[in-house]
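Just below is one structure, and these are the notes that go with it.
Residue numbers start from 1 in every chain, and the chains themselves are labelled A, B, ... in the order their sequence lines are given, proteins ahead of strands.
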Amino acid sequence: MPRWRRTHTCGELRESHIGQTVVLNGWVNTYRDHNIFVFVDLRDRYGMTQLVFEPERGLELFRQAQELRSEWVIAVRGTVARRLPGKENPDLATGTVELKVEDMQVLNRCPTPPFEVVEITEEAKERKREKVREKGKELEGREEQLANEELRLQYRYLDLRRPSLQRILGLRHRLNKVIRDYLDARGFLEIETPLLGRSTPEGARDYLVPSRLFPGSWYALPQSPQLYKQLLMVAGYDKYFQIARCLRDEDLRADRQPEFTQLDLEMSFVDREDIFHVIEGLTAEIFQKCLGVTIPLPLPRLSYPDAMLRYGTDKPDLRYGLEIVDLCGVVPQTEFRVFHEAVASGGKVRGLNARGAAEAFSRKGLDELTEHAKRFGAKGLVWIKVEGDKLTSPIEKFLPPPAQQALRQALGASPGDLLLIVADQEEIVCQALGNLRTRLASLLNLVDPNKPDFKIAWIVDFPQFLWDDEEKRWVANHHPFTAPLEEDWEKLERDPAGVRAQAYDLVINGYECGGGSIRIHNPELQARVFAVLGMTPEQARQRFGFLLDALRYGAPPHGGIALGLDRWVMILAGTTNIRDVIAFPKNQKARDLMTGAPAPVDPKQLKELGL
RNA sequence: GGGGGCGUAGCUCAAUUGGUCAGAGUACCGGACUGUCGAUCCGGUGGUUGCGGGUUCGAGUCCCGUCGCCCUCGCCA
C-alpha cells in the first residue's frame, strides 16, 4: 500500500501543483470513455479531481481504465497538468487542473449500486440547461431526483457518500467543536453520566434493559441526564455540560428520533439571566463559526401567554407576521350567533389577517383552509375577503357596518386582504389558528428556503402545571424539578394553574431547539410540588429518594438547559428532515433499515436474562 | 390507535372514462467517437405493476384485505 498511499486528497490539487507527481485515492464518481481518452471524476469527501487516461501511457493501463465503473475504489499515480485552454470546469474547486494518470491500482470493485451516488450541483444543472439552449434543443425534463429514502437508508453507507450528506455531518462536527471550545473557555467541565439508570415516572416512555444479575429488574436508558446533572451540582461541579445521547420510546416525527443528542448544561449559583447569557453567547458563536451569520444579541423574549395569543403556539416561527388578534371586543357589535356563544361559554374569538391573500384563495382553497382548521378541533372557519370598502363573507349578513368597521380596525385590514376567524374554546382557537398560520405561510411562500433567515427567541413564563384530563391530575409542564416563580409559591396548593415556572424554551424558526429551567434546590418546596402532582411522600421517596436526600445535603441554587443538537444541525443545514443530520438514523417505525434492528435474539440470551 | 399520501424495469417516473399500455429517461451490456465533465450518437438486455383475494369478456386502473415507506394527530415531563 505505501506505494499507493495518497499524497493529496481529491479536493486539493490546484495550479500550484502543476508538474508534480502525486497519488490520489478515491471512488469513481463518473467515467467518460471517449475511445481515445478516458476521463474519470475521482471523488473523496474533500472533493473531486478529473483523471485523464491516454493510450500512449500504455495500452494495458488504458484498457484497465475503460473497465472502470461507478463507485470502484482506485489509487492512481500521475502528473498534475493544467487543463487545455477553455476546458476548465468552474463547478470543481480543482477544475483548472487534471491528473494525467501514469499508473493505477484498483483497490476494490463495486457492483452496480442500487441507486446513483452521483450528485449534480445546482450550478452544474444551470450550465447544462444553458448548453442545451445554445444548441437550440428543447430542455429535456430530466431532473435529478433522489432515490426512495427507504432504499437509501438500507444502503446508508452509499447514501452517506453524497457530498450534501458529508457536508451536513461536517457541519455537525463543527457544531460540536464550537460548543466544546466555547464552554471549555468559560470553565465548564464535560462530564459523562450513566446510560444504564433507573426508570423514572412522568415523562416519556423509557427504553428498558433487563438485568441479568437481578432477574425481573430493569435499567432504563436515559431520557436525558436531568437527575445526574442536578446531583453534579450538589457535588460542587458548578459548571457542567455534556453532549449526551437521550432515548425516548415515543412515536417519531420529521424532527424526532427515538435516540437523539442534547447539549446538556447546568450551572450553580445562577438565575435565569445567567443561563440566558451563556446560551445567547453560545448561539451567536455557533451561527458565526458554522455559517458566518451574525445573530444580534440579546435575543428577544416572548412570554408564554403572549406567544399563545399572538401565534397560537409556544414555538412560533417568527420569520413572518400573520399574527393572531383577539376579537372578543368586536363580538358585541356582530350578530353572528357562533361568536356570541363562544364568548358566553368562556371561549375566544380570534383571527388573523393574511395580507393581500384574498385573490390567492378560491372557494376551493378556502374550503381546504377550513378543513385544515377542523383537523385541530375547530368547528369551522370564518373567512372574510376585503374587497374595496366591501367585505365578502358567508357571514356578511351578520356583520352590520359598525362590526365591519371594528373588524377592519382590529385586524388592520386593507383591500385585498383575507381575514380568517375562529371561535371556540381558547385551546382550540390557538391550535387551529396557530396551525393555519404555518399553513398559510407555506401556501403563500412567506419563507424563502434558499434565503437563510434565523429568528431566535426565548419563550418564558410557562405555567408550572397542566391539567391532565385523562389521568385527572396535574402534571408538570416542564419537569417536576422545575422551580416555580418565587412570588407564585403561595398559589401552589390553592391555584396550581396560576403558578408560573422558572422555565424557558429557545425557539428557532418554529422549532423548539432548547428548554430548561431553574431547579428546586429545597427539599420542602420539592415535596410540595410532588404533592401537587399527586405523588404521596412515600411515592416521591421511592422514586426520587436519592434526589430528595441530595437536596438536603447542601444543594446550591442551580439551573440549566438542554439544546436539541439534531434540530440545531437541521436549521444550520437548512433541512427539514432529522434523518439528514444523523449518520445512521431510524425510520418512522424506529427501525434501522440497514442493520434490521430491532431483531429477535437467541433464546439462550433471553434465558440468561430470565425472560 | 386515528387521518392523509405513496408503492409500475436496478433507479426516477408515465400510462384518458377499465380496452395493443406495460412505456420514457437513466443505469447496465455491446458498438461508434481526438477534450469530455449529468459527454454525445446507434443498438440491446431488463417487468409476477408490493402481496393476496374479488368484480368484469377484460384490471396497473375499480372493490376488500394485507405488507412496507413518508407526513400528521394522539404521544414526546
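Between A/Asp91 atom CG and B/A39 atom P the separation is 12 Å, expressed in whole Å. The distance between atom CG of A/Leu151 and atom P of B/C70, rounded to the nearest whole Å, is 13 Å. In this structure, the CD atom of A/Gln257 is 13 Å from the C1' atom of B/C70, given to the nearest Å. The distance between atom CG of A/Leu158 and atom C1' of B/A27, rounded to the nearest whole Å, is 14 Å. Between the CD atom of A/Glu67 and the C1' atom of B/G30 there is a distance of 13 Å, given to the nearest Å.
In this structure B/U48 sits in no base pair that meets the Watson-Crick or G-U test at under 3.5 Å. For B/G68, the paired nucleotide is B/C6, the pair qualifying as Watson-Crick or G-U wobble because both relevant distances are below 3.5 Å. Applying the Watson-Crick and G-U wobble criteria (two distances, each under 3.5 Å), B/A24 pairs with B/U12. When both pairing distances are held under 3.5 Å, B/C29 makes a Watson-Crick or G-U pair with B/G43. Searching all strands for a Watson-Crick or G-U wobble partner of B/G60 with both distances below 3.5 Å returns nothing. Base pairing annotation: B/C75 forms no Watson-Crick or G-U wobble pair, as no partner gives both donor-acceptor distances under 3.5 Å.
Nucleic acid contact class of A/Glu512 (heavy atoms, under 4.0 Å, all strands): none. Across all strands, A/Glu88 comes closer than 4.0 Å to base atoms (heavy-atom distances). Among the heavy atoms of the strands lying under 4.0 Å from A/Arg579 are primed sugar atoms or P, OP1, OP2 only; no base atom is included. Within 4.0 Å of A/Thr482, counting heavy atoms only, lies no atom of the nucleic acid at all. As judged by a 4.0 angstrom heavy-atom cut-off over every strand, A/Arg253 is placed among the base-contacting residues. In this structure, A/Pro114 reaches the sugar-phosphate backbone alone: every heavy-atom distance under 4.0 Å involves primed, P, OP1 or OP2 atoms, never a base. If you check every strand for non-hydrogen atoms under 4.0 Å, A/Leu252 touches nothing. Within the 4.0 angstrom heavy-atom criterion, only backbone atoms of the sugar-phosphate kind lie near A/Tyr31; the bases stay farther away.
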Contact list (N/O, under 3.5 angstrom) for nucleotides 46-49 of chain B vs protein:
none

List every contact pair, protein side and nucleotides 66-69 of chain B side both N or O, where the distance is under 3.5 Å.
| unit_1 | atom_1 | unit_2 | atom_2 | d |
| --- | --- | --- | --- | --- |
| B/G68 | O3' | A/Arg591 | NH2 | 3.2 |
| B/G68 | O2' | A/Glu150 | OE2 | 2.6 |
| B/C69 | OP1 | A/Asn587 | ND2 | 2.6 |
| B/C69 | OP1 | A/Arg591 | NE | 3.4 |
| B/C69 | OP1 | A/Arg591 | NH2 | 2.9 |
| B/C69 | O4' | A/Glu150 | OE1 | 3.1 |

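Remark: A/Arg473 CZ is packed, more than 12 non-hydrogen atoms of other residues, nucleotides or ligands lying under 6.0 Å away. The 12-atom threshold is exceeded at CD of A/Glu493, counting heavy atoms of other residues, nucleotides or ligands nearer than 6.0 Å.
For the P atoms, the distance linking B/C6 with B/C63 amounts to 12 Å, nearest Å. Here, B/U20 and B/G10 have their P atoms 24 Å apart, quoted to the whole Å. Comparing the P positions of B/U61 and B/U55 gives an interatomic distance of 15 Å, to the nearest angstrom. Distance check on atom P: B/U56 versus B/U16 gives 23 Å, rounded to whole Å. Taking the C1' atom of each, B/U49 and B/G68 are spaced 16 Å apart, rounded to whole Å. Straight-line distance between the P atoms of B/G30 and B/U45: roughly 15 Å, to the nearest whole Å. If you take atom C1' in B/A9 and the same atom in B/G25, they sit 12 Å apart, rounded to whole Å. Across B/C28 and B/G19, the matching P atoms stand 35 Å from one another, rounded to whole Å.
Between A/Phe39 and A/Phe53, the ring centre distance reaches or exceeds 6.0 Å. If you look at A/Trp27 and A/Trp72, their ring centroids are not closer than 6.0 Å. Proximity of the aromatic rings of A/Tyr504 and A/Phe462 is defined here by a centroid distance below 6.0 angstrom, and this criterion is not met.
Each of A/Asn577 and A/Gln66 was matched to the nucleotide of RNA chain B holding its nearest heavy atom; the match closer to the 5' end belongs to A/Gln66.
Of all the residues in residues 33-41 of chain A, A/Asp33, A/His34, A/Asn35, A/Ile36, A/Phe37, A/Phe39, A/Asp41 reach under 4.0 Å from RNA chain B with at least one non-hydrogen atom.
Between the side chains of A/Gln431 and A/Arg375, not a single donor N or O lies within less than 3.5 Å of an accepting N or O.
Applying the 3.5 Å distance criterion, the base of B/G35 shares a donor-acceptor pair with the side chain of A/Lys100. Between the side chain of A/Arg83 and the base of B/C37 there is at least one donor-acceptor pair of N/O atoms closer than 3.5 Å. Between the side chain of A/Glu116 and the base of B/U12 there is no donor-acceptor pair of N/O atoms closer than 3.5 Å. Side chain A/Arg248 to base B/C76: no donor-acceptor pair is found below 3.5 Å.
For A/Arg437 (side chain) and A/Asp317 (main-chain N/O), a donor-acceptor pair under 3.5 Å exists by modelled atom type.
Considering only side-chain N and O atoms, A/Arg32 lies under 4.0 angstrom from the phosphate OP1 or OP2 of B/A39. Distances shown here put a side-chain N or O of A/Thr30 below 4.0 Å from the OP1 or OP2 atom of B/A39.
Nearest nucleotide to the A/Thr112 side chain, out of B/C28, B/C37, B/C75: B/C28. Checked against B/U12, B/A39, B/C75, the side chain of A/Glu250 finds its nearest nucleotide in B/C75.
A/Phe62 contributes atom CZ, which lies 8.5 Å from atom CD of A/Glu54 (distance to the nearest 0.5 angstrom).
Across A/Leu593 and A/Asn587, no two heavy atoms sit closer than the pair CD2-ND2, 3.7 Å.
Residue pairs meeting the salt bridge (Lys or Arg N to Asp or Glu O under 4.0 Å) criterion with at least one partner in residues 146-156 of chain A, sequence neighbours excluded, are A/Glu149-A/Arg579, A/Arg152-A/Asp159, A/Arg156-A/Asp159.
A side-chain contact (heavy atoms from CB on, under 4.5 Å) with A/Trp489 is found for one member of A/Leu525, A/Val499, A/Val529 and no other, namely A/Leu525. With A/Val80 as reference, A/His17 is the one residue of A/His8, A/His17, A/Glu15, A/Arg14 to meet the side-chain contact (heavy atoms from CB on, under 4.5 Å) rule.
For A/Thr261, the side-chain contact (heavy atoms from CB on, under 4.5 Å) partners two or more places apart in sequence, or in a different chain, are A/Arg172, A/Ile243, A/Arg245, A/Leu565, A/Asp566.
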Please report, to 0.1 Å, the donor-acceptor pairs under 3.5 Å made by any side chain of residues 511-520 of chain A, with sequence neighbours excluded.
| unit_1 | atom_1 | unit_2 | atom_2 | d |
| --- | --- | --- | --- | --- |
| A/Ser517 | OG | A/Thr482 | OG1 | 3.3 |
| A/Ser517 | OG | A/Arg519 | NH1 | 2.7 |
| A/Arg519 | NE | A/Glu266 | OE1 | 3.3 |
| A/Arg519 | NE | A/Glu266 | OE2 | 2.8 |
| A/Arg519 | NE | A/Ser517 | O | 3.4 |
| A/Arg519 | NH1 | A/His479 | NE2 | 3.1 |
| A/Arg519 | NH2 | A/Glu266 | OE1 | 2.8 |

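A/Phe376 and A/His372 have perpendicular rings, their planes meeting at more than 60° on a 0 to 90° scale where under 30° would count as parallel.
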